[in-house]
Amino acid sequence: MLIHVRAVGVCGSDVHYYLDGHIGTFEVAFPFTLGHEFAGEIAALGPGVEGLAVGMRVAVDPAIPCGHCETCLDGHPNCCPSVRFPGSPPHEGALSEFYVHPAHLCVPLPDTLSFDDGVMLEPLGVVVHALTLAKIRPGDLVAVLGAGPIGMLTLQLASRTAGAVYVSEPVAERRAMAAALGATAVCDPAAEDPVAWLLRQTHGRGADIVIEAAWGEEAVGQAVYMARPAGKVILV
């Protein structure tokens with residue numbers, strides 16, 4: 001389908017490409033359009049598309065797996081080695097007026113959700129996957145390292161099941177937002193050791209589940225030491 005793009009999110013990966021020109025072995029070596037978190041209106045439909053109509057509002061699952069490799073057929077299309085991904089070289093992104101995308105990867109948006117809400121479904125999917133791996137049980141103590149968009153979404157979903165959610169975040173505004181969204185307690189890792197802080201909060205026990213959503217070298221190590229014996233660490 002042809003999508004009239006109405007909203008696009010800025011992912012951390014977009015920032016890396018913009019500032020560094022590469023992520024790992026994926027290099028931007030020519031004028032390039034970023035953007036993979038997007039929503040819009042259907043402007044035109046290709047032949048054979050059913051159940052959708054021009055003018056319909058849609059959110060987009062950006063990843064295009066091949067659908068026929070062993071990984072896809074085994075039920076893990078998110079790990080497809082041949083995946084095509086908007087905004088990741090050499091595939092142009094969605095920071096444009098129009099974008100063409102497979103119809104089966106576009107989901108109608110209900111009237112209760114805005115285009116901005118539709119954009120956030122992609123990062124929300126990342127969090128849902130992480131918490132599916134975490135398997136939080138009622139009453140579990142959860143620690144979240146990093147209160148950016150992914151960490152904040154993690155906090156909101158984890159709080160529905162966990163007994164307590166502790167958040168470590170160096171940016172004051174984000175700490176305040178985390179507290180407003182239901183964090184049991186928040187820590188400034190620039191002012192105190194977050195591992196010692198978490199152990200004090202849990203009376204030396206540690207967290208049942210630690211979600212690392214900061215992607216800082218220090219945070220990965222901190223996550224391991226925050227987990228209780230036989231606890232679980234999820235690196236988002």
Side-chain angles (χ1 to χ4, degrees), residues 11-13 16 23-24 61 63 65 69-81 83 120-236:
C11 177
S13 62
H16 279 296
I23 296 178
D61 183 350
C69 69
E70 178 183 0
T71 307
C72 285
L73 295 177
D74 202 31
H76 303 289
N78 57 308
C79 298
C80 174
V83 67
M120 291 304 296
L121 292 177
E122 196 274 349
L124 180 63
V126 172
V127 173
V128 169
H129 180 60
L131 294 185
T132 299
L133 295 174
K135 298 179 180 177
I136 299 175
R137 300 169 301 179
D140 274 351
L141 303 184
V142 176
V144 178
L145 283 75
I150 296 296
M152 214 73 79
L153 288 169
T154 300
L155 162 64
Q156 292 176 80
L157 289 189
S159 297
R160 294 171 177 264
T161 304
V165 182
Y166 304 96
V167 175
S168 174
E169 165 58 49
V171 178
E173 291 83 358
R174 289 179 170 181
R175 289 197 303 275
M177 183 176 288
L181 289 175
T184 306
V186 295
C187 169
D188 178 2
E192 60 179 320
D193 176 12
V195 176
W197 171 83
L198 189 279
L199 292 176
R200 288 198 306 273
Q201 294 290 325
T202 60
H203 306 287
R205 178 181 181 275
D208 297 289
I209 297 167
V210 184
I211 309 288
E212 190 280 316
W215 196 243
E217 293 181 3
E218 303 87 354
V220 175
Q222 291 165 1
V224 174
Y225 286 103
M226 283 181 170
R228 69 168 176 82
K232 189 178 297 183
V233 175
I234 307 294
L235 304 180
V236 182

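Among all heavy-atom pairs drawn from Ala213 and Ile150, the shortest one is CB-CG2, 4.1 Å. Looking at every heavy atom in both residues, Asp140 comes nearest to Lys135 through OD2-O, 4.3 Å. The heavy-atom pair separating Ala214 from Gly146 by the smallest distance is CB-CA, 4.0 Å. Between Glu212 and Ala219, the shortest heavy-atom contact is OE2-CB, 3.7 Å. Nearest heavy-atom pair across Val186 and Ala179 is CG1-N, 4.2 Å. Here the closest non-hydrogen pair linking Val167 and Ala183 is CG2-CB, 3.8 Å.
When side chains are defined from C-beta on, Cys187 does not count as touching Leu198, because their heavy atoms never get closer than 4.5 Å. Taking the side chain as every heavy atom from C-beta outward, Arg228 and Leu141 never approach each other to under 4.5 Å. Annotation: side chain of Pro123 is not in contact with side chain of Cys11 (no heavy-atom distance under 4.5 Å). A 4.5 Å side-chain heavy-atom check between Leu145 and Met226 finds at least one atom pair inside the cut-off. Ile23 is listed as a side-chain neighbour of Ser13, based on a closest heavy-atom distance under 4.5 Å. For the pair Glu169/Met177, no side-chain contact is recorded, criterion being any heavy-atom separation below 4.5 Å from C-beta on. Asp208 is not listed as a side-chain neighbour of Val142, based on a closest heavy-atom distance of 4.5 Å or more. Counting heavy atoms from C-beta outward, Leu124 and Leu157 have side chains that approach closer than 4.5 Å.
The local environment of CZ in Arg137 is sparse, with at most 12 non-hydrogen atoms from other residues, nucleotides or ligands closer than 6.0 Å. Environment of CZ in Arg205: crowded, with over 12 heavy atoms of neighbouring residues, nucleotides or ligands closer than 6.0 Å.
Between atom CG of residue Asp74 and atom SG of residue Cys80 there is a gap of 12.5 Å, rounded to the nearest 0.5 Å. Atom CG of Leu155 is separated from atom CD1 of Ile211 by 11.5 Å, given to the nearest 0.5 angstrom. With rounding to the nearest 0.5 Å, the separation of CG in Leu131 from OG1 in Thr154 is 5.5 Å.
Listed for the Lys232 side chain is no donor-acceptor partner under 3.5 Å among the backbone atoms of Ile209.
Checking each of Pro81, Cys79, Pro77 against Pro65 for a side chain to side chain contact (heavy atoms under 4.5 Å, CB included) leaves exactly one that passes, namely Pro77.
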Worked verdict on Asn78 versus His129 for side-chain contact (heavy atoms from CB on, under 4.5 Å): CA-CA 10 Å; Asn78 57 308; His129 180 60; 4.3 Å; yes
